[in-house]
Structures are given as C-alpha cells and as structure tokens.
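Residue numbering restarts at 1 for every chain, and letters A, B, ... go by the order of the sequence lines.
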Amino acid sequence: MGSPRSTHSQHLLRNSADIRLVFKEGKRASCLLFTVLYRWNALGHTRVGVVVGKKLGGAVMRNRCKRRFRELAWLSLAAVPQGLDLLILPKRESMLQPAKDLRQSWQKILDERLPQRKDVP
RNA sequence: GAAGUCGGGUGGGUGGUCGCUGGUUCGCAAGAAUCAGAGGAAAGUCCGGACUCCUAGAGCAGGGUGCUGGGUAACGCCCAGGCGGAGCGAUCCGACACCGGCGCAACAGAAAGCACACCGCCGAUGGCCCGUGAGGGAUCAGGCAAGGUUGAAAAGGUGGGGUAAGAGCCCACCGCGGUCGUGGCGACACGGCUGGCCGGCAAGCGUCACUCGGAGCAAGACCAAAUAGGAGGGCGGAGGAGCGGGACACCGGUGCCGCUCCUCACGGUCGGCUCGGCCGUGGCCCUCGGGUAGGUCGCUUGAGGCCUGCAGCAAUGCAGGUCCCAGAGAAAUGACUACCACCGUUCUUCUGUGAAGAAGGGCGGAACAGAAUCCGGCUUACAGUCCGUCUUCCACA
RNA sequence: CGGGGCGUAGCGCAGACUGGUAGCGCACUGCGUUCGGGACGCAGGGGUCGGAGGUUCAAAUCCUCUCGCCCCGA
C-alpha cells in the first residue's frame, strides 16, 4: 500500500474509492461559495480533498481553485477533530471572491456546521 | 510624420509571511540544509517520427500526398524558384499532375455533344406574281450562323477583305494545339516553322507517380491484498442399497475402507404461493499458476540548449567549446500582502488665450492559458509593449 | 492521455455515399364533424441544416479549420 512520503501526503484524500465513499455516506454542509462533505474514517487522522468539476473553467482556473481551498483547510487543520474525511466542492461563485471572504465563510462553516474536537467518537 | 507590409522578441518586477514537489548531503529516525521547479502556444490532437508490444512472406484491396529543385530521421513541414491570381506598391494567396475511359450539368433556353434554328438575315440559283423590257416584289424550295433572347458555361477574340446574306472562307495581330531550336538540373521561358483550331468538372468514379503493416506509455515489464472462479492434494461426510477389497486359521453376518446409485440437505431457476420439475454444490484446510484493486519500473541526456567559426541565396549542415535545464501521479511549480513600473478614468494645484502639459491623490484593469513518454511541424487563442526590414503618401531642407 | 461517434422545425429522426425540390412522425394554428371536448378528416405555418472559410455555375451534401455534446479503453 502507499507508504506515506511525508506527513503532508497523509492528510490528502486522493484515493478514488475513498472519495466515492465520502460521497455516498458523508454528511453535507454548504454555503453560498462551497459545499463540504464529511465522514469519520478509521485512520485516526484527518484527510482533506477538493473536487472541482469541469464546469468551473479550464485547467488553470480549476488548479487555482484547488490550491486556494487546500491552503484554507491546511491552515485550520489543528482546529478540526482527528479522524475526519473532508471533501470540499467549490461553487462557481467562489472563483472571483477575494480571499478574506473565502476565509470568513470557511471559518463559519467550521465553527457552526462541522463536528468539534470534543465530539470525537 | 501618417498609413501599411514582413520578420523577430517579451509575456510585469522587487520585498515580506505561510506553504508544495523532486534531487543531493547530513541524520537510527522525526527532520534539517542546499539546489532546481510550466508555455509560446504546455491547447486542438491535424500530420510526421523515436520508443514499446503484436504480426510467417508476397500480392490485391484500402489510406495519404500531388508544379519544380533542395533541406530533413521523417512529414501533409520548411527554403528557393516557376506559373496563375489580388494589390499603386512593399508583399500576399493558390490540393497548381492527368479529361483517354465511365459519369454529371437542376431551372431557363432554339440548342448543353455524333451541337442547334425560336426571333432573325438572305433568297444569288430554280420556281411564283407584276412589267413590252431593263427590272421590281413576296417568300416556296433552299442558304446562313453575323445579331438578339437564356444560362455559370453556346465550337476562339478584334479589325479588314469577301459575299445574296454569311462563315477561319481568306488575311493581319492576339490566344490555343503540334513540332523544332536556344537557355535552365527542372518546373518553365523565349524564338522560328506549322495547323484554321470541339468545351467544363477529378475537394465525381478513376489514371499516373511516390509513399504507408497494426496498435499505442491507459504501450509494455515486474511485485501482488480481499472476493469469485480454475488445477492439485489432505482431512471429514446424514440415511439406505449394490459391488469390490483386505484382516480375523476357514466360511457367513456385523463393523472398516473405496466406488456407484437413490433418498435427504442447501443454493439458484421456472412459478403469485404450495406441491412439483430442472441445474449446481456437497463441509473445512493447504499448495500452485493466471489475475483485479494497489504499488514499482518505463520517466526523462535529447534528431538537447547556448556561443563561435566554416559551407550555402536560404531552409539547413559540419566542426570546436560549454552547460545539465520540471518529472507530478486526481496530479507540485503557489496563496496572501506591500511598494514600484504600465494602461484607463476621475479629482486638486500650477503653467497656458486655447489645444494641451507637469506634479500629487483616489478607484479600476492587466491577455491566451497549466507539462503528464519524448521530439519535429501545422492549426487555433492571445491584453499590452519593444526592435528591425521594406513600400506608398504628405511636410521640410 | 489515446481511440470513436453525433449536431437538420419545439421533440425524435430521414436526406449526405451519387451536389440542383430540405422531408417524415408527434406537437402547433385554422376549418369541418359534435350539444361541447377527444378522436378523425381537410388545409396551413414554422428551418442562419452548430459556426467560419474554400472547391464548384450551385454545398445540408465534397474539403479544411473551429465550437459543443456523447461513448469506449488501465
């Protein structure tokens, strides 16, 4: 199996079977700019993935979108309870938004809709 | 100076904070240090290769290309030249071989291929009528293809002679075909002689010349879970019947082992359900090879970049020197922020009659677009901006 | 990444190989029939043939480029 090259790649959700599992069983929290799906995994550490469809633009736009959201999740990794699979689905409106609006929305979802650290099963 | 033309370049910069990927070194490890990290199109996938695997050979079929010569690993690409077309010009554009064969040309038009006669012109010649006659008239036979009409296209064009009217019927020039000569490697050009001279379409079928085996890095090689299935082996197996085996001194029965059959059980199927029919399995474990998810390799040193010289009109080639320059794997090469440049707009102040210019401030914008095995091209997209070549026009000297 | 296919009326499709009239079914409009509706009968409207360029006298059709959609391959 995939031996992790660093601690960074441990926290990436990139396996297509796992992503499909989150789509199927995950819970859903959304706002105007994006949607987050989340599901408890059995690994004990958090994994984050970003899924951007072709409708949002060309390869350049899609890559930038993924980078911005991945970094957003990265900075708040310590605040998220361990053992959660997160899947971010950006919406078209988020492409043109400035970074601070994105950060506010993300923080709001994180505080109000997602499980907190004390909820770890 | 304006308008244009062709060719080439660039594709914001410098800090700060937080991060990503790979190599190297150090470290038991966690990690640390250091170096490197998207494009001219990375795109579309339209061609050509390299490289892999498959394919016994050849022919046919099928595909591609299509003026000539050169360049190249190769090309449908590039360079040079010819011819035709567009433009005052610099320049630009061109699938630009062949109509012998089979086909096609709607509608219109008289006629669209062994050309034709609607309107028209003539009616010299032979008839008819008038007239003594010279002659005149209409048009029957007949002649004509100049003019009109149609069409994308009507059997060379213009002028003259000729004629009853006409016609390459004859002549001159132009065009076309044939042939000879000269120049050129050649496409072709020029000139002489000669023939009175029946088209178009091959991005229709085809012919000719050259050329092409098929698939593609998701190629291919290796390692290899779970589940199902395959082969082999071991242990086990509910009830009954038959046959065989061997031990018990011998025979028979019971029990044991093996095989076959039936019942039974389970699963599937037909069926709304039961009964019933059909099919499959008979429980567990081990080994083997194939192989999926997943992983490793392929994976970046190459028809490579830069500089200099030589050969060539050029594309390009040769020689020498020098450099190592992304290798990810749902996919790194960034995000945020400050300042400076650039553009647009607006405000204030100053100069100025005005047009406008200078300084400072605010707001907004900044293209097309992301390597995915690697090269050579083509095509398409592209805000700005810089450099050079040539052409035309205007002004001044 | 590679391979293949399709864009024609509001919808589903012919026509394309062999170039000259764009057609079929449903839907729509009007009239008839019926007391009224449906069904049926008659008549009719509706098309940049995805876009641009080229070949040709003439292009939905042939050629090139381009846009969008769909399918297949580890």
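- The structure places CG of A:L84 at 10.5 Å from CZ of A:R47, a figure rounded to the nearest 0.5 Å.
- As rounded to the nearest Å, B:C264 and B:C275 have P atoms that lie 12 Å from one another.
- Look at B:A38: its glycosidic torsion is within 90° of 0, and that puts it in the syn range.
- Checking B:C193 for Watson-Crick or G-U wobble geometry (two distances, each under 3.5 Å) identifies B:G178 as its partner.
- B:G294 and C:A74: their P atoms are spaced 12 Å apart (whole Å).
- Both A:V50 and A:V60 lie near RNA chain B, and the one whose nearest nucleotide falls closer to the 5' end is A:V50.
- Pair check for B:G252 finds none; no Watson-Crick or G-U wobble contact set falls under 3.5 Å.
- Summarising the geometry, atom CG belonging to A:L37 is positioned 12.0 Å from atom NZ belonging to A:K27; distances are rounded to the nearest 0.5 Å.
- Comparing the C1' positions of B:A331 and C:C1 gives a spacing of 13 Å, expressed to the nearest Å.
- Pair assignment for B:A50 gives B:U373, based on Watson-Crick or G-U wobble hydrogen-bonding distances that are each under 3.5 Å.
- Base pairing of B:A36 is made with B:U21, judged by Watson-Crick or G-U wobble geometry with both donor-acceptor distances under 3.5 Å.
- Here the P atom of nucleotide B:A330 and the CZ atom of A:R67 are 16 Å apart, to the nearest Å.
- Pairing of B:U281, defined by two Watson-Crick or G-U wobble distances under 3.5 Å, is identified with B:A265.
- By the rule that a glycosidic angle within 90° of 0 means syn, B:C325 counts as syn.
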(request) Give RNA chain C the dot-bracket treatment, 5' to 3': Watson-Crick (N1-N3 with N6-O4 or O6-N4) or G-U (N1-O2, O6-N3) under 3.5 Å, [ ] crossing, | other strand. (result) ((((((((.[[[[.)....(..]]]].(((((.......))))).....[[[[[..)....]]]]]))))))).
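- With values rounded to the nearest 0.5 angstrom, A:R70 atom CZ is found 9.5 Å from A:I88 atom CD1.
- How far CG of A:D85 is from OH of A:Y38: 13.0 Å, rounded to the nearest 0.5 Å.
- Distances from the side chain of A:N63 to the nucleotides B:A331, B:G19, B:A38 place B:A38 closest.
- Between the CG atom of A:L87 and the C1' atom of B:A330 there is a distance of 12 Å, rounded to whole Å.
- Put simply, CZ on A:F69 is 12 Å from P on B:C336, counting in whole angstrom units.
- When the C1' atom is used for both B:U139 and B:C130, the distance is 15 Å, rounded to whole Å.
- Base orientation of B:G39: anti, the glycosidic angle falling outside 90° of 0.
- With both ends at atom C1', the span from B:G377 to B:A303 equals 13 Å, rounded to whole Å.
- Per the geometry, CZ belonging to A:R64 stands 15 Å off C1' belonging to B:A38, to the nearest Å.
- Going from atom CZ of A:F34 over to atom CG of A:L89 covers 10.5 Å, rounded to the nearest 0.5 Å.
- Among the atoms of the strands shown, none is found under 4.0 Å from any heavy atom of A:L72.
- Because its glycosidic torsion is within 90° of 0, B:G113 is reported here as syn.
- In this structure B:C313 sits in no base pair that meets the Watson-Crick or G-U test at under 3.5 Å.
- C:U8 and B:A202 have their C1' atoms separated by 29 Å, given to the nearest Å.
- At a threshold of 4.5 Å between non-hydrogen side-chain atoms, the residues A:L32 and A:K91 do not count as touching.
- Comparing the same atom, C1', in B:C54 and in B:U207 gives a spacing of 36 Å after rounding to whole Å.
- Shortest non-hydrogen contact noted between A:R113 and A:R28 is NH2-O, 3.9 Å.
- B:A43 is paired with B:U379 under the Watson-Crick or G-U wobble criterion, all donor-acceptor distances under 3.5 Å.
- Atoms CE (A:M61) and C1' (B:G334) sit 15 Å apart, rounded to a whole Å.
- Remark: B:C259 base-pairs with B:G242. Criterion, Watson-Crick or G-U wobble with two distances under 3.5 Å.
- B:U322 has its base anti relative to the sugar, with a glycosidic angle deviating from 0 by more than 90°.
- Per the geometry, CZ belonging to A:R70 stands 11 Å off P belonging to B:A330, to the nearest Å.
- Counting heavy atoms from C-beta on, the side chains of A:F69 and A:V52 never come closer than 4.5 Å.
- Residues A:W106 and A:L33 have side chains not in contact (no heavy-atom distance under 4.5 Å, counting atoms from C-beta outward).
- The CD-P distance, from A:E71 to B:A332, rounds to 14 Å in whole Å.
- Regarding A:K66, its NZ atom lies at a distance of 10 Å from the P atom of B:A330, rounded to whole Å.
- Atom CD1 of residue A:I109 and atom OG of residue A:S76 lie 12.0 Å apart, to the nearest 0.5 angstrom.
- Summary of the strand contacts: A:L75 and A:R103 both lie near RNA chain B, and taking for each the nucleotide with the nearest heavy atom, the more 5' one is attributed to A:L75.
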